[in-house]
Every structure is written in structure tokens, then in C-alpha cells.
Amino acid sequence: MLSGYYGFGNSGDEALLQMILQDLRVCRPGLSIVVLSQNPEETARMHHVKAVNRMDLKEIFRILKKTKLLISGGGSLIQDATSSKSLYYYLTLIGMAKKCGCKVMLYANGIGPVDSSLNRLIAGKILNRVDLITLRDPDSLIELRKMNVDIPEITVTADPALRLKECSEEKSDELLCRYGCNQPPIIISLRNWKTFDETICKEVKRYMVEMRSRYGCKSLLLPMQPSEDTEICRMVAKGTDAMVLENLKADEVLGLMKKSAAVVGMRLHSLIYAASVGAAPVGIVYDPKVQGYLCYLGLESYLSVEKIDAQELVRLTALARESEYGSMMSNMKKKAIHNAELAVSLL
């Protein structure tokens with residue numbers, strides 16, 4: 001059974017699910033897999049799996065009694081930044097699985113932030129009951145140790161989405177032509193967040209104008225979770241020659257990124273996508289996971305969302321373009337498949 005933030009239309013999480021399924025099937029052909037999803041019909045159609053409603057706890061419990069392994073992940077599931085309710089949902093599933101005699105694995109998770117002291121205590125106790133934990137970055141290991149999680153085997157691996165493949169070069173060129181890009185574009189992924197205000201919109205627009213004027217780079221706004229991000233992307237693009245990328249598949253987004261001058265992202269998986277194809281990632285940090293991931297790559301091309309500034313974004317773009325992280329990325333892609341190898345070893 002796979003549990004995660006699936007069925008919500010978030011490109012990063014759907015890419016995670018795609019690669020987790022692909023890697024598990026490579027390591028153990030013929031596995032019977034059920035996915036918990038907000039939209040079971042769509043998940044079943046897209047990924048060719050059995051899927052059930054993630055909130056149907058009665059059905060989940062029935063299936064868990066016949067299940068050998070619950071995989072929780074990937075992504076940032078163990079956190080209370082969005083809400084304590086989300087954290088307790090994933091911890092409850094772990095508790096249910098252990099009650100049913102299942103093994104449990106946290107698969108390439110990012111941990112935190114968990115700010116509530118009570119939440120940290122409860123999470124620590126439940127996570128000490130799982131069988132195996134793999135993490136996508138070293139900061140998550142530090143966070144687990146601070147929560148006194150020390151019983152399961154814990155390994156730092158890498159995000160499964162790093163193994164996604166981009167579309168063909170011809171398709172990428174076709175997309176560039178469609179969006180009127182004569183020069184490599186700047187791709188910008190924004191999301192709604194507590195501190196998103198007019199200042200951010202203004203500074204991002206100033207950055208877009210500066211990059212267009214200085215380098216001829218047209219900006220393409222990328223809603224990674226369309227239901228949440230499209231309105232903001234349209235607001236930022238309004239009054240400029242920027243365009244909003246809509247209805248693209250993940251491999252098409254990757255193809256565009258490979259041809260881009262840089263990728264500026266709030267959404268973590270926009271930066272993971274960028275790094276996977278060797279683009280220049282620039283992070284706008286609304287959550288520690290964004291900074292933590294770029295630091296894992298040895299990059300310093302990020303700034304806080306509270307201190308966003310157009311000229312600083314221009315400087316960081318130049319810094320990212322000069323950075324070399326190819327050898328690190330090659331190693332991380334190898335680590336990404338290790339998640340699946342460890343998972344099937346539990347069977």
C-alpha cells in the first residue's frame with residue numbers, strides 16, 4: 001500500500017508516485033499495489049493501479065489486514081506546517097498498519113517542520129515503530145534525531161522524482177516555439193503561501209522585466225499544483241509578455257527546463273525537476289525544505305520569501321548558472337533507485 005499526497009493534482013507528488021511505482025516494479029515485477037488517493041479513479045487511470053479513497057479508513061483497514069508493507073511517501077508528510085490534521089492522518093495510517101501486522105517504510109521522506117512540542121513527541125514515538133526510513137536530504141535526518149527517532153534503520157537516499165525523463169528534444173523545441181521563446185526562457189514556479197503578498201508579486205515582475213531586458217529571456221510561469229498556483233501565476237504574468245504553462249505533462253516540463261536559462265521556484269519539486277535535467281535552480285524559501293535541498297546539492301542560490309528582491313534574484317540566477325553539481329546529481333540518481341531496493345527487501 002502506498003500512502004502520500006496523491007490525487008490532488010500536484011505535479012511533484014504525482015511524479016513521485018509515478019517513479020515509486022516504476023522503481024518498485026523494476027525491483028519486484030508482479031507486485032500487487034494499492035494506492036491511497038484523493039481521486040482514486042484518476043489515480044487508477046493514470047498509474048494503472050488499484051486505488052482507494054484516502055479517507056475511507058474502514059476500507060483501508062480491511063486492505064491493510066491483507067497487506068505486507070505500507071509505504072509512506074515520498075514528499076514532506078511528517079510536518080505540521082500545513083496543519084496538525086495532516087500530520088495525524090499519516091501517523092494514524094502507520095499505527096493502523098502496525099496493528100494489522102504490516103511492515104512500514106518511510107520512503108524518501110522530507111521531515112519537518114514539526115513545530116508543536118506535543119506533535120514532536122507523538123511523531124517520535126510512532127516513527128520509532130516503523131521498520132525502515134529513507135530520507136531525501138541530510139537535514140531530515142537531523143530533524144529525526146532531534147525527535148529521538150533512533151530505533152529504525154535510517155538511510156539518506158534521494159528523491160525518486162530525480163529519475164524522471166524529459167521529453168524528446170524535438171518536443172522541447174516545439175514547446176519553445178509555441179511559447180514564443182527565441183532565447184532560453186526563465187521558468188518560475190510560484191505558490192500561494194501565508195506571506196505571499198503584493199511585494200512578492202512586484203519583485204518577481206521586476207525580476208522578469210530585468211531578465212527580459214538584460215538577456216532576452218522570456219518568463220514562463222509554472223503552476224505545479226494548478227488548483228492552488230494558477231491564479232497567482234496569472235496575476236504575476238498580467239501586464240507582461242510572460243505566459244502561464246498549463247496542461248503540460250511532467251516530461252514536457254522537464255524538457256522545457258532543460259532548455260531554460262534558469263528555474264526559479266517556490267515549489268520544491270520545481271527545483272528537483274530543474275536539478276534532474278541540469279538546469280540552474282534558484283529557490284524562493286517559504287519552507288526550510290527548499291533551502292535544505294539546495295544545500296544538499298552544494299548550491300547557495302536561494303533567498304527567503306520574506307526578503308525577496310528582484311536584483312538579488314538576478315544575482316542568484318547568475319550564481320546558479322555558474323554552479324556545477326553534475327557529479328552530485330549523478331550520485332543522487334543512483335541513490336533514488338535504492339529506495340525501491342530497500343522497500344522490496346522488506347518483503
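- Under the 4.0 Å criterion applied to side-chain N and carboxylate O atoms, E246 and R234 are assigned as salt-bridge partners.
- Between the side chains of R191 and Y286, at least one donor-acceptor pair of N or O atoms lies under 3.5 Å.
- Remark: of the listed residues R212, K218, K205, R212 is the sole one forming a salt bridge (Lys or Arg N to Asp or Glu O under 4.0 Å) with D241.
- Summarising the geometry of E306 relative to S304, their closest heavy-atom pair is OE1-OG, 2.5 Å, with the distance given to 0.1 Å.
- With T230 contributing its side chain and P226 its backbone, the two residues share a donor-acceptor pair below 3.5 Å.
- In this structure the side chain of L24 reaches within 4.5 angstrom of the side chain of L2, judged on heavy atoms.
- Between the side chains of N119 and Y88, a donor-acceptor pair is found at a separation under 3.5 Å.
- With E166 as the partner, the salt bridge (Lys or Arg N to Asp or Glu O under 4.0 Å) test is satisfied by one option alone out of K171, K258, K249: K258.
- The aromatic rings of Y5 and F8 lie parallel to each other, with less than 30° between the two planes, well short of the 60° mark.
- Heavy-atom minimum distance, G74 versus N109: CA-ND2, 3.9 Å.
- Here the shortest heavy-atom pairing between A261 and I186 reads CB-CD1, 3.8 Å.
- Not one N or O on the side chain of D80 forms a donor-acceptor pair closer than 3.5 Å with the backbone of S83.
- A donor-acceptor pair shorter than 3.5 Å can be found between the side chains of H269 and D159.
- Contact check on D23 versus R163 returns a salt bridge, with a Lys/Arg side-chain nitrogen under 4.0 Å from an Asp/Glu carboxylate oxygen.
- Geometrically, R54 engages Y89 in a cation-pi contact, judged by NZ or CZ lying under 6.0 Å from the ring centre and within 45° of the ring axis.
- Between D137 and K289 there is no salt bridge, since none of the side-chain N atoms of the basic residue sits less than 4.0 Å from a carboxylate O of the acidic one.
- Smallest separation of non-hydrogen atoms from N128 and P152: OD1-CD, 3.6 Å.
- Counting all heavy atoms, side chain and backbone alike, V290 lies closest to M266 at CG2-O, 3.5 Å.
- Contact check on K307 versus E312 returns no salt bridge, with no Lys/Arg side-chain nitrogen under 4.0 Å from an Asp/Glu carboxylate oxygen.
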